[in-house]
Protein chains: 4
Amino acid sequence: MAQVKKEDKKKRILNTAMRLFAEKGFRNVSLDEIAREAKVGKGTIYVYFDSKMRILEESAKSVFNGFTESFRLVFERSESIDEFIDNLVNSVVENISVKSKIMMLFHKESSYDREKYIQTISDYKETLKRVYERFLKGSDVSFEEFHSVLTGIFMAIYMMAENLGEDEMKKMLKRVLICILKREKG
Amino acid sequence: MAQVKKEDKKKRILNTAMRLFAEKGFRNVSLDEIAREAKVGKGTIYVYFDSKMRILEESAKSVFNGFTESFRLVFERSESIDEFIDNLVNSVVENISVKSKIMMLFHKESSYDREKYIQTISDYKETLKRVYERFLKGSDVSFEEFHSVLTGIFMAIYMMAENLGEDEMKKMLKRVLICILKREKG
Amino acid sequence: MAQVKKEDKKKRILNTAMRLFAEKGFRNVSLDEIAREAKVGKGTIYVYFDSKMRILEESAKSVFNGFTESFRLVFERSESIDEFIDNLVNSVVENISVKSKIMMLFHKESSYDREKYIQTISDYKETLKRVYERFLKGSDVSFEEFHSVLTGIFMAIYMMAENLGEDEMKKMLKRVLICILKREKG
Amino acid sequence: MAQVKKEDKKKRILNTAMRLFAEKGFRNVSLDEIAREAKVGKGTIYVYFDSKMRILEESAKSVFNGFTESFRLVFERSESIDEFIDNLVNSVVENISVKSKIMMLFHKESSYDREKYIQTISDYKETLKRVYERFLKGSDVSFEEFHSVLTGIFMAIYMMAENLGEDEMKKMLKRVLICILKREKG
DNA sequence: TATGAATGAGAGTTCATTCAT
DNA sequence: CATGAATGAACTCTCATTCAT
């Protein structure tokens, strides 16, 4: 039970931090604020995380893992690319604005430590690769393009999320995905 | 000539700041750094800009104005939507990574001062509106969607720009634009 | 005990600041200096005070409260106006130079925030009012005059304090008080 | 005429500075502000004054000289101490609030350069001495007390000036002067 | 003589991190 | 494990002073 409680506290800190980072940006959130909102002592944060940057890293990892998990699930359940797109859109739009903000922050803040960045996204990339290999290999879409566009699109949604409802977002995302993944040769 | 020199210095500060902001993010760049790289005294920055935020505002304004100008030019020179897309892609990709980063930073940092944000982008939006009204009115794309996607795409390119060459970027951007602007009804 | 220690540190900062403000003026004292002399970190000051101005406010409050307390005590113990004057002089001359300087600084620095100023001195003024009503009501001294002169005299002592010993100061203060408080009609 | 114009400019700077210092305090007035209000270039100030402190010194000198002049005149025209007091009050109350503020600022700001302070007030003190020697020598008022109280009173008026009209001020000042200068032995 | 663009030292303030309890 | 008081490095911003014109 102590173990459970401990995990509880770490999760609480991480979730609070993710929410605040997404709302205000990395530098605009102080550890005081995280501690206050997570209802733990400021020192406690350092029991679970080495540094503030470390919290963002774990946030990003969690988001990427979530994406990876979604992709894996959707991938396993989809017989055709159309089905894949449909399922992906539904699965991915959930909490998309928080998730995409975290991805973006992480991308920006860790730009000086490429190694850490690459390590954190490698799992995510690997899953994308499997999707790519099943559905797109041999098309004129390169993996790098596939990865960039997909990731970029999620980020773009950060902007759109404020002006569009969830339904519109799904419709739009679907259109763009179809356009990228199913386009005619040339 | 003094006037010229003066403008020179302001431009130098602004360009340096834009580059650094794009590289590291707004909060990660100090005025000391801007001053050092622009080879001016720290105090000089305050001769031309009221505050650090003001530098970002003028950066964003300059970027938005650039986009607006591109759109206007491309718009005037294009007879069809195909031509428009072709011209837009070529005109817009230039320096896209710096520009899109600035747009994103400004979007994030000014999120607490909506009024200033809206004022800065209003010109840009108005030009988009004219494009929309010429080519897309009556289609099932709403102006809000058009604006959101287009702006989002430019920002998405921020991610892609690091992994893709200019040619690939153009190809991709073109595909997405076609997909958005030319799609079948429904 | 932690509580005691905490109060200790705040007191130490406040006392150091009051001494330095009195010696050099508000603007001529830096937070670095206060921190150094109070033997605390610069950041520690901000644990206890919101801003530099806030330190002056609390300094002033403490001085005014001291005056008020002195007045109240002296007032309660004095049967006649002569006794009142005697007791007041003795009680008020203690640390008069620091106290009067703080009053003056606060008067000057808060002149742009009248509300805060009035709030801080209201207690002090109220006590003066009770003295006035007991001893001077019906005389040709108005309350405003009484208040102005008394406060002014304390400030004037700021000048004198450097050239006169405590005994001389008491003698002088007594003379002026008698002159104000006991003068013949007209 | 060039000479006249030059003097004009220096006077304009000095008068503007005195007014602003009195209104806002020494440190709260910037040279930019003085230059703007005096309608001269910022650099021009340094043609006439070595430093900002120098402006305050000359302001103080001018105020002290004014007092000295008043004292001398009043002194020469007065046959008795009563007449002296009457004349002094009338002559001294003019512009008293600006004058006393300047004196106080100078007193505070130059406290670290005693020599300059003493030099600036020596003339003023000498005139006071002549008054003292004519009217008070042999009384139980020491010169130091006389000087301190008189100067202090002028400063105290800084406080009072905001709450009292000129007539009340004169009445009050007269009372205090009588009290100091005419008191019974002991 | 007159100017104001340019400057950098130093101000007040914030906050990630440490550590004694 | 859990805490929050304490810290100082680093931030943005101000302004007296200089100097080329």
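Computation of the quantities below employed the complete heavy-atom set of this structure, encompassing side-chain atoms and omitting hydrogens, waters and symmetry-equivalent molecules.
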For E:dC15, the Watson-Crick or wobble partner whose two distances fall under 3.5 Å: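 E:dC15 is paired, partner F:dG8.
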E:dT21 - base-pair partner by Watson-Crick or wobble geometry, distances under 3.5 Å: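 For E:dT21, the partner nucleotide comes out as F:dA2, under the 3.5 Å rule.
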To the nearest angstrom, how far is [X] atom [atom1] from [N] atom [atom2]?
X       : N      : atom1 : atom2 : answer
C:Ile34 : E:dA11 : CD1   : P     : 11 Å
C:Asn28 : E:dG12 : CG    : P     : 10 Å
D:Glu33 : F:dT14 : CD    : P     : 14 Å
C:Leu31 : E:dT14 : CG    : P     : 11 Å
D:Lys52 : F:dT17 : NZ    : P     : 8 Å
A:Ile13 : F:dT3  : CD1   : C1'   : 12 Å
B:Ile45 : E:dT7  : CD1   : P     : 10 Å
B:Asp8  : E:dA5  : CG    : C1'   : 14 Å

Short side-chain N/O contact from D:Tyr46 to OP1 or OP2 of F:dT17, under 4.0 Å: yes
Any A:Tyr124 side-chain heavy atom under 4.5 Å of A:Met103 side chain: yes
Heavy-atom side-chain proximity of D:Ile55 to D:Ile45 below 4.5 angstrom: yes
Closest nucleotide among E:dA2, E:dA16, F:dT3 to the D:Tyr48 side chain: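 Closest nucleotide to the D:Tyr48 side chain: E:dA2.
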From F:dT3, E:dA16, F:dT12, nucleotide with atom closest to A:Lys9 side chain: F:dT3
C:Val40 or D:Ser51, whichever maps to the more 5' nucleotide of DNA chain F: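 Closest to the 5' end, via its nearest nucleotide, is C:Val40.
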Under 3.5 Å side-chain donor-acceptor pair for A:Asn28 and A:Glu23: no
Donor-acceptor pair (no angle test) under 3.5 Å: A:Lys42 side chain, E:dT17 base: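 Indeed there is one.
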Residue mapping more 5' on DNA chain E - nearest nucleotide basis, B:Gly41 or C:Val29: B:Gly41
Touch class at under 4.0 angstrom, heavy-atom based, for A:Thr44 against every strand present: base
C:Tyr48 six-ring centre to C:Lys9 NZ/CZ under 6.0 Å and within 45° of normal: no
Within 45° cone of C:Phe49 ring axis and under 6.0 Å: C:Lys10 NZ or CZ: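 Pair C:Lys10/C:Phe49 counts as cation-pi.
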